[in-house]
Amino acid sequence: MPAREKLILALDVGEPGYALEIVERFGDWVTTFKVGLELFLSGGPDIVRRIQERGKKVFLDLKFHDIPNTVVKSSLAATRLGVSMFNLHASGGFEMMKRAKDAVVETCLRENLPRPKIVAVTVLTSISQEEFRKEMGFQHSLRTHVKHLSSLAHRAGLDGVVASGHEVSMIRNSFGKGFVIVTPGIRPSWSPPDDQMRAMTPKEAIRNGADYIVVGRAVLSQKDPEKAIELISLEVLSA
Ligand code: C5P
């Protein structure tokens, strides 16, 4: 897969016009752009359509976490919007994930729609092992939890998971090649970690087995974003 297929650029901005400028500016480097909460709340479904009209794919990162009925209906809305991938929280439970997946498959067949990939968020990359135990109150390790949630997502028939670079090889070894792993919390050696506690470089994450890496501030907060994306793409290539 070429580097631009593996690199997902997070459009973490609040201005739809600015988001489209970024899409135009980085279109040669990136095939898929991520629309998260901030941009979706300001641009709505229209911003997704406008990115797609420019020939780009959209990963809709709204991290659904609700009762099965609500997640099923939201998943169908995301599917009809034509996104190439969307996510939900694995901690929403097996039933929620399975029903969402089944409903999407059935609707795509019935309405002749392309089927988006559905991936489950395991444990956010901003959470440290210490916070996981002390504040969230879990007795087992964060790794064990990520493995357990990945296994639930796998059994529910989801396409894959969102997980930090630190858990990628464990997930790859447990669930095999076809299970998609999307890795955010990407930080080249020259960029600060910000709020990401389980960060990893692009090269290491890809070497560990990530299918896609999500990059936001390591490009958009740099003095020279073009140089940053070029360096990251080279890292992906060299992995
Ligand atoms: O700027 P940075 O590269 O840290 O941004 C990471 C992006 O990935 C953000 O848009 C964030 O919402 C998203 N994300 C994440 N951790 C997850 C899932 C998504 O950081 N587990």
Side-chain angles (χ1 to χ4, degrees), residues 6-15 18-19 22-23 26 29-30 32-43 47-48 51 58-65 78 83 85-92 97 117-129 131-132 136 142-143 145-150 152-153 158-168 170-171 180-206 208 210-223 225 228-229 231-233 235-236:
K6 288 190 158 283
L7 200 55
I8 299 179
L9 187 60
L11 295 169
D12 289 334
V13 298
E15 246 295 309
Y18 180 39
I22 297 172
V23 171
F26 295 98
W29 298 98
V30 180
T32 305
F33 289 86
K34 185 172 84 66
V35 174
L37 292 166
E38 183 187 7
L39 183 58
F40 196 76
L41 285 170
S42 57
I47 185 65
V48 173
I51 296 167
V58 172
F59 168 23
L60 189 65
D61 176 25
L62 299 182
K63 301 186 182 71
F64 302 146
H65 193 173
V83 301
M85 179 155 70
F86 69 89
N87 58 8
L88 36 75
H89 269 284
S91 46
M97 288 191 276
K117 287 195 171 72
I118 312 178
V119 291
V121 177
T122 53
V123 177
L124 295 172
T125 42
S126 54
I127 292 172
S128 66
Q129 173 68 59
E131 186 181 356
F132 182 75
M136 299 172 80
L142 191 154
R143 263 179 94 73
H145 201 60
V146 169
K147 187 168 180 184
H148 173 66
L149 292 176
S150 301
L152 273 189
L158 261 58
D159 296 286
V161 288
V162 183
S164 95
H166 298 268
E167 295 100 38
V168 168
M170 179 258 295
I171 296 169
V180 173
I181 308 176
V182 180
T183 299
I186 294 297
R187 291 294 181 278
S189 55
W190 39 264
S191 72
D194 307 304
D195 55 354
Q196 297 286 17
M197 301 304 286
R198 289 173 10 262
M200 192 168 267
T201 66
K203 192 176 191 165
E204 279 178 296
I206 298 282
N208 284 351
D211 295 293
Y212 302 97
I213 57 170
V214 175
V215 181
R217 285 163 291 182
V219 170
L220 298 178
S221 301
Q222 301 305 306
K223 274 204 194 95
I229 204 149
L231 290 174
I232 292 170
S233 301
E235 260 196 59
V236 171

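Every number for a ligand or one of its atoms is a count from 1 in the order of the listing.
- The closest approach between a heavy atom of Asp194 and any atom of ligand 1 is not below 4.0 Å.
- A salt bridge is absent between Arg217 and Asp12; no separation between the charged side-chain nitrogens and carboxylate oxygens falls under 4.0 Å.
- Under 3.5 Å, the side chains of Thr125 and Gln196 contain a donor-acceptor pair of N or O atoms.
- In terms of protein heavy-atom proximity, atom 11 (C) of ligand 1 is nearest to Lys34 NZ, 4.0 Å.
- Summary of contacts: the protein heavy atom closest to atom 18 (C) of ligand 1 is Lys63 CE, 3.3 Å.
- Nearest protein neighbour of atom 3 (O) of ligand 1, counting heavy atoms only, is Gly216 N, 2.9 Å.
- Ion pairing between a basic and an acidic side chain is recognised when a charged N comes within 4.0 Å of a carboxylate O; Glu167 and Arg198 show such pairing.
- Among all non-hydrogen protein atoms, the one lying nearest atom 16 (N) of ligand 1 is Thr125 OG1, 3.0 Å.
- Among all non-hydrogen protein atoms, the one lying nearest atom 6 (C) of ligand 1 is Gln196 NE2, 3.7 Å.
- Distances below 4.0 Å separate heavy atoms of Arg217 from the following atoms of ligand 1: 1 (O), 2 (P), 3 (O), 4 (O).
- Counting the atoms of ligand 1 from 1 in the order shown, those under 4.0 Å from a heavy atom of Arg187 are 1 (O), 2 (P), 3 (O), 4 (O).
- Nearest heavy-atom pair across Ile118 and Asp159 is N-OD2, 2.8 Å.
- Pro184 CG, 3.4 Å is the protein heavy atom nearest to atom 17 (C) of ligand 1.
- Regarding atom 9 (C) of ligand 1, its nearest protein heavy-atom neighbour is Asp12 OD2, 3.3 Å.
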